[in-house]
Every structure is written in C-alpha cells, then in structure tokens.
Amino acid sequence: MVIGQQLLPDIPRELTGVAEWAACLIYILLLRKRLPQRRLVPVLVLGLGALIGVQKLAGTFPLSLWSLGMALAIGTMFLVIAAAARLSVREAGYFCARAVVLAELVAALHWQLHCYFFVGHGDHPLVLRGLVFVLVYGGVFALAWVIEARHFRPDATLDITRRDLASALAIAGVTFLVSNLSFLTVNSPFSGRLGSEIFYIRTLVDLCGFVALYAQQGQHLAQRASAELRAIDEILRTQHEQYLVSKRSMDRIDRKYHDLKHQIGVIRAEVDPGRQAAYLDELEASVQSYEQQARTGNGVLDVILTTKSMAAVDRDIDLTCVADGQALNFLSVMDICTVVGNALDNAIEGAQAVPDPDKRLVKMALHSRNGLTVFTVENYFSGELVTQDGRIVTRHADRDTHGYGLKSIRYTAEKYGGSMTVNTAGNWFALRVLLPVPEGRQR
C-alpha cells in the first residue's frame, strides 16, 4: 500500500479475520443466552474459518468493491453472533456493531505497533513479532472483556430498543468510515497523507468509537435503572396511600359493626318470628364480610390483612393467614406495605384467574426463626408462568406500568440485608422473603 511517499504493508487479511472473530467471542461470552459448550465450540470454529475466508476473498476484490468486501465481513460477524447466542435480530445487530468497532480497534493498534517497531528496521525474529501480536490481541481483548462485563451482567436483561440499535449502528458506521477514509483517498479534509499519521488516526478514531459505544450502553443502563426506581417509588407511595385509606375505612367499619350489633339486639325483640329471623339473617350476612379484622400484634399488618381479606372474599378467594405481626416491627410502615401488600396483591390476582372457585387459594405465613423473619405467600394459579432471562414477567400487556411488584419486594428485602425467592411446584406459586432481624430486636 502506497500512502504519500511511503510504502507500508496492509494488515494481513488473516489477522483481520482473527480480530473480528475474537471480538465476536468477547460479546458471546458476556451473554448468558449463548449455546451450550458442546454446540458453541463447533459454531466458533466454523465462524473463525468463515471470517478468515471472507477476508481472504475480499482481498482479491478491486478497490471499487472494497465496500462489498467489508459488508460481507460484517454480515459474517452478525451470523456468528446470531448462531452462537439466542438473540433477536435487533440484539444480534447491536452486538455486531460493537464487535466491529472493537475488532477494528485491536487490528489497527496491533498493526500500528507492528509497523513502528518492525517495518523499515531490518529483519526481526518471527517469535518477537508473534509475541507482540499475542500481547496486543490478548491484552486488549481481555481488557475489553473486563470493561464490557460491567455493562453486560449475566443476570441483567438486555432490553435493546430500536433507538439503541440505531445509535450503535450510527456510531459504528461513522467510526468505521472515518477510520478507513485515508485508505480510500488522501484527497479529503479528514484524510492523512503520511503512513504513521494514517495509522495513528485510524487507531484513535476506533478508540473514540469504542468509548462512545461504552458510554451509550452506560447511559442506557442508567436510564433504565432510573425508570425502575421511579416505578418502585410510585408503588411505595401508592401502597402507603392505600394503607392510610384502609385504616380510615377500618375505623368506619368498626363503628358500623358495633352499631349493627346493637341493632341486632333490637331486632331480636321483634315479636313476629318470621320477620325477626329474616332481619337477623340479613344483618348477620352483611356484617360477616366485615368481621375480617386481623389481630397480629402489628397495627400496619392488621390493616393490610383486613383489607386484603375483604378483597379476597369479594373475589371468592379463600385466603388463610397465620402471622406473628411483631416479626415485622423493625420494618417501616411503607416497607411493610410494599412487601406484604404487593405479595398479597400478586397472589390474589393470580388466584382470581383460576376458573374453578374451589381452587382459588392463597396461603400466607409470617414468623421469626433463628434471627430471621420468614414471610411466605403461596397461591394456586392456572396457565403458564411467563419468564424472561430467568425472571418472572408480568402477564399485563403494559409492562411499563406493571411488573414492578416483585422488583419492589426484592429491592426492599435487599435494603434490609435479606433476600426474596420465588418458585413453582405444579400449579402452586410460592414467594419467600427472608429478613435478618437486627440485634436488639430479636425475641
């Protein structure tokens, strides 16, 4: 390759293919949804051969078909990522864009160092040149894996939107075009004319592109975390407001209940036995639904359980509860509303969807054991449980305003150093929250 007055060698096509394959491998290894190892290895071996083959083929194209050769290489990278991991087209395209920029960066950096140390300085042992190759490729790709692992944790959902994909493609496209512009023509305001200058520009532009993609993913995660926190805060506020409303309602119910007991006494003095029995049956039936008031030793829990019991009765759900309310005395009012209220809301909603009224069952238990507060809620459910990346997904179509109940329970449990787990057995769904009781609050 002649650049200005300098004759510099092109990057060997084999090394470019290896860089592209290694970049794909980095992002594949960051994903939990990749193929099992026994299937992944053959895919990667074939992918390496395909990428090197495509690069060798592109090397035979004239300069006018350079863009076609690059398109074939990028398309092959997309296929390798899509074949090695269970991704949607959007997700595979997003990771392909990142892999292209990373591959360009590593290949450019290595070849810049190679030309600086070895080209025009006499013969050097093949071992020394191989050592530089191993150090640059191995070191940079290992560093990239460590850096990217902070943004692509195995337990996190990808949630790649069209905007994310468009931004990644735009960054990768501009980076690729500007970094390679000098190799296509030196007659542009953004082209270099000296060989070392061109290599430096290419490496620097690729580095800026990688940093831009890293920052984009960081901003995406920050926005998603902010949205989840806002939704959780809204749930906390709503649960607390429901508690206050329920408490006022219970006070009115208590007054009404005592009034009705006196009215029953008056009715019993009715001389007509038929009318007396009819009045008594009617009043007792109307009072029975309000005689759900719980007495657990915790006023907040009493209000929640009474309200949820009444909601369960309205939906023909059999809610049974064995609870020691004092086991939650170290939690704030809002946190009790969050954990217990959300858990019972989810259980009641799940049981309500069961067609057979005899199977609409919800069981709750709360007690302390060995310095831990154990809270469990079980409910019978029908249909299939929807999961995504190992986590339960709301059945509501609007996932922007639903599906944060379990997240808020988990968030609250972890705030106290505890944990939340869910599991299913047959048609029973079970939620368990473990909270360590602070020292001095244990009984």
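Counting from 1, the numbers follow the sequence of the chain as shown.
- At least one side-chain heavy atom of M77 sits less than 4.5 Å from a side-chain heavy atom of L51.
- In summary, R90 and D164 do not engage in a salt bridge, as defined by a charged side-chain N under 4.0 Å from a carboxylate O.
- Put simply, the side chain of E91 gets close to the backbone of S88: a donor and an acceptor are under 3.5 Å apart.
- At distances below 3.5 Å, at least one donor-acceptor pair connects side-chain atoms of T373 with backbone N or O atoms of A327.
- Without hydrogens or angle criteria, R360 side chain to V354 main chain gives a donor-acceptor distance under 3.5 Å.
- The backbone N or O of A311 sits less than 3.5 Å from a side-chain atom of R315, completing a donor-acceptor pair.
- Residue E20 holds its CD atom at 11.0 Å from CG of L102, rounded to the nearest 0.5 Å.
- Using a 4.5 Å heavy-atom cutoff, the side chains of P436 and F330 are not in contact.
- Judged purely by atom type and a 3.5 angstrom limit, D302 uses its side chain to pair as donor or acceptor with the backbone of T296.
- The closest side-chain heavy-atom distance from Q219 to Y214 is not below 4.5 Å.
- With a 6.0 Å radius and a threshold of 12 heavy atoms from other residues, nucleotides or ligands, K415 has its NZ atom above the threshold.
- Put simply, the side chain of N379 never gets that close to the backbone of V362: no donor and acceptor are under 3.5 Å apart.
- Counting all heavy atoms, side chain and backbone alike, A343 lies closest to L431 at CB-CD2, 4.3 Å.
- A salt bridge links D345 with K308: the distance from a Lys NZ or Arg NE/NH1/NH2 to an Asp or Glu carboxylate oxygen falls below 4.0 Å.
- When side chains are defined from C-beta on, M420 counts as touching V422, because their heavy atoms get closer than 4.5 Å.
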Chi angles and distances behind the side-chain contact (heavy atoms from CB on, under 4.5 Å) call for M364, F375: CA-CA 8 Å; M364 173 189 147; F375 171 68; 3.7 Å; yes
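- Note: Q37 CD to L40 CG = 7.5 Å, rounded to the nearest 0.5 Å.
- Interatomic distance, L435 CG to D335 CG, rounded to the nearest 0.5 Å: 9.5 Å.
- In this structure, Y380 has its ring center under 6.0 Å from that of W428.
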Could you go through V340 and L366, starting from their C-alpha distance and side-chain angles, then the distance that decides it, and tell me whether this counts as side-chain contact (heavy atoms from CB on, under 4.5 Å)? CA-CA 10 Å; V340 180; L366 172 66; 5.9 Å; no
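- Looking at heavy atoms from C-beta onward, L35 lies in side-chain contact with V43 at the 4.5 angstrom threshold.
- Of the possible donor and acceptor atoms, none in the side chain of R369 sits under 3.5 Å from a partner among the backbone N and O of V374.
- Around CZ of R86, the count of heavy atoms belonging to other residues, nucleotides or ligands within 6.0 Å exceeds 12.
- A donor-acceptor pair under 3.5 Å is formed between the side chain of Y137 and the backbone N or O of L15.
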Derivation and outcome, ring-ring contact (aromatic ring centres under 6.0 Å, His included), residues F141 and W21: CA-CA 11 Å; F141 278 121; W21 176 83; 9.1 Å; no
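- Looking only at side-chain heavy atoms (C-beta outward), F95 and L31 come within less than 4.5 Å of each other.
- Considering all non-hydrogen atoms of both residues, V433 and V339 come closest at CG2-CG1, 4.3 Å.
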Go through L72 and F61 one step at a time and tell me if the side-chain contact (heavy atoms from CB on, under 4.5 Å) criterion holds. CA-CA 12 Å; L72 289 175; F61 293 170; 4.1 Å; yes
